[in-house]
Number of protein chains: 2
Amino acid sequence: MPVSKRQNADFADSAYRRLCDAILDGRLTPGTPLSRRVLAAEFGMSTVPVGEALLRLEAEGLVESRPRAGSRVRIPTASEIQGNYELREALETHSARLFAERATESDRKRLLATAEKLDAIFARMERKSYSAVRHALAERQHMRFHMLIAEAGRCAELASAIERSRVLLFNWLFTMSAEFGVLPEGWHSMLARKLADGSPREAAEAMRVHVRYRKDEVIEKLAQLTGSGAGRMARGPQRHRNGDSAK
Amino acid sequence: MPVSKRQNADFADSAYRRLCDAILDGRLTPGTPLSRRVLAAEFGMSTVPVGEALLRLEAEGLVESRPRAGSRVRIPTASEIQGNYELREALETHSARLFAERATESDRKRLLATAEKLDAIFARMERKSYSAVRHALAERQHMRFHMLIAEAGRCAELASAIERSRVLLFNWLFTMSAEFGVLPEGWHSMLARKLADGSPREAAEAMRVHVRYRKDEVIEKLAQLTGSGAGRMARGPQRHRNGDSAK
DNA sequence: CCCAGAAAACTGATACGACAGTTTGTACTG
DNA sequence: CAGTACAAACTGTCGTATCAGTTTTCTGGG
């Protein structure tokens with residue numbers, strides 16, 4: 001699930017992929033220190049390629065680093081999360097518009113199929129209790145749904161921008177062990193039908209409703225957490241204990 | 001005008017800034033080879049910080065590098081340019097919407113003022129003949145106009161996404177020595193008034209018209225260039241001649 | 001003259017070592 | 001016991017050297 005790819009079999013690339021996966025899987029939770037030397041030893045390479053990997057991750061917003069005092073998995077702020085949803089509203093509404101304009105018949109079919117699958121997952125999760133990790137996995141399926149829409153729009157730039165913004169969401173999920181509320185039954189299928197059958201404008205507005213629904217949920221959750229003693233947003237330094245974390 | 005900033009006074013940062021400025025000013029035109037060693041000697045540092053700078057520029061899309069065969073200032077493809085405008089339509093329409101919702105009175109005033117200034121520049125350019133470089137400078141003023149709208153939207157994520165996508169435009173301008181057609185008189189002032197006085201939806205639609213106007217211009221130009229023998233899109237290797245280019 | 005193949009000159013990728021700044025832990029002072 | 005100064009251990013940063021892959025150039029045959 002790495003965002004930027006450069007299929008070199010280089011060390012730097014391997015380090016990037018391992019770190020990216022580890023962060024997105026929640027094995028490296030936000031706030032975890034990332035020491036070049038420790039990671040280099042763990043990966044069996046020098047610190048140089050590790051540094052390159054960290055630099056890329058920093059450019060993508062998954063890692064933050066203070067000039068000479070270490071890097072760590074980024075802890076997103078409340079306003080960043082909110083801003084991310086604002087950005088997504090811009091991107092995904094346009095993506096929906098392009099879908100309505102350009103999608104082929106097979107695109108529409110595929111979208112409807114994955115929408116039903118996604119609704120089934122959410123329905124199952126409603127009954128069983130679930131951990132944040134389980135939820136993140138469902139969220140990853142959710143990402144496929146939205147990427148399918150973006151790709152049918154036939155605009156690589158828009159699709160990759162959506163992917164980038166979505167990746168940051170995972171980081172946030174693990175920060176707050178957040179769980180979304182339950183969606184009305186058949187929510188995604190209904191959205192998919194509107195995209196497949198509606199005019200470009202109708203598709204865009206349907207997507208806007210969808211994104212805002214989630215955004216409002218998030219804002220409410222953030223208010224709860226920051227209101228009731230900062231929740232888990234600001235965690236302590238957390239000394240190095242880089243065991244076999246990013247295998 | 002660098003995109004990512006990290007106000008270290010480090011060598012890597014200095015190299016990044018110098019290269020970024022040189023590319024955006026047109027001193028380093030698309031296709032120019034960027035040798036780590038040559039640049040290192042020129043900047044009075046080792047190849048390591050230069051490599052870091054190139055890596056950042058690559059992440060931003062200004063530089064491309066083939067695994068072990070050198071980096072060069074990126075030559076954008078036709079579909080990338082078109083996709084960039086598509087992306088911009090998504091971002092800027094939403095930016096306009098937020099402007100209509102959140103801008104303060106002083107935001108509106110400032111926008112109207114810069115719109116008039118911008119219109120004056122374009123009017124002056126219409127009379128005099130102008131080089132691509134001159135045009136790019138005007139385009140930079142144009143960028144301020146759009147960044148002003150984005151910042152009034154109070155969403156840092158959206159603003160930085162717009163900035164990133166706009167930066168790539170400069171690169172393109174120098175590739176094709178492209179010149180836009182002449183805009184109707186008072187075009188930007190009219191747009192600014194619609195953003196300042198209209199509803200969020202009206203603002204968004206006004207911006208959409210603006211972006212598409214430019215997009216159609218670009219598509220037409222691209223068709224001319226690729227149709228009539230590829231124009232200057234694909235330039236030869238162009239041997240190293242890194243004189244005092246990036247001072 | 002043209003074209004294949006070898007050699008030379010380039011390229012980035014990585015390792016290692018030295019260095020300077022930051023953080024942390026501790027011992028000493030009030 | 002609180003606060004401060006100091007030292008140790010960490011951090012990223014950068015320079016130099018080496019290596020392997022790519023590109024260009026040169027060379028020799030047709």
Checklist entry - What does R36(A) touch in the nucleic acid at a heavy-atom separation under 4.0 angstrom: a base, only the sugar-phosphate, or nothing? => result base

Checklist entry - Does any donor atom in the side chain of E86(B) or H94(A) lie under 3.5 Å from an acceptor atom in the other side chain? => result yes

Item to check | Whole angstrom value for the distance that separates P of dA15(C) from CG of D10(A) | outcome: 11 Å

Checklist entry - Per the atom types in the model, does the base of dG12(C) pair as donor or acceptor with the side chain of R37(B) at under 3.5 Å? => result yes

Item to check | Value in whole Å for how far the C1' atom of dT22(D) lies from CD of E64(B) | outcome: 15 Å

Checklist entry - Atom CD of E52(B) to atom P of dT14(C): distance rounded to whole Å? => result 15 Å

Next on the checklist: Tell me the interatomic distance from R72(B), atom CZ, to dT23(D), atom P, rounded to whole angstroms.
Outcome noted: 9 Å

Item to check | Whole-Å gap separating P (dT11(D)) and CG (L39(A)) | outcome: 10 Å

Checklist entry - Hey, does the side chain of S35(A) come within less than 4.0 Å of dT11(D)'s phosphate (OP1/OP2), counting only N and O? => result yes

Item to check | Interatomic distance where CG belongs to L34(A) and C1' belongs to dC10(D) [whole Å] | outcome: 15 Å

Item to check | Shortest non-hydrogen contact between I162(A) and S95(A), atoms and distance | outcome: CD1-CB, 3.7 Å

Next on the checklist: Quick check: on DNA chain D, is the nucleotide nearest V48(A) upstream (toward 5') of the one nearest L54(A), or the reverse? Name the residue that is more 5'.
Outcome noted: L54(A)

Next on the checklist: Measure CE/M45(A) against C1'/dC16(C) and give the value in whole Å, please.
Outcome noted: 16 Å

Checklist outcome for this item: Per nearest nucleotide of DNA chain C, the residue lying toward the 5' end, A69(A) or A12(A), is A12(A)

Next on the checklist: Need to verify one output field. Residue with the more 5' nearest nucleotide on DNA chain C, G70(B) or R68(A)?
Outcome noted: G70(B)

Item to check | Proximal nucleotide (of dT14(C), dT23(D), dT11(C)) relative to the S46(A) side chain | outcome: dT14(C)

Checklist entry - Minimum heavy-atom separation for R102(B) to A152(B), with atom names? => result CB-O, 4.0 Å

Item to check | Cationic N near anionic O, under 4.0 Å, E217(B) to R214(B) | outcome: yes

Next on the checklist: With a 6.0 Å cut-off (strictly less than), is the heavy-atom count around CD of E101(B), excluding the residue itself, greater than 12?
Outcome noted: yes

Item to check | For atom CZ of F11(B) and atom C1' of dA18(C), their distance in whole Å | outcome: 15 Å

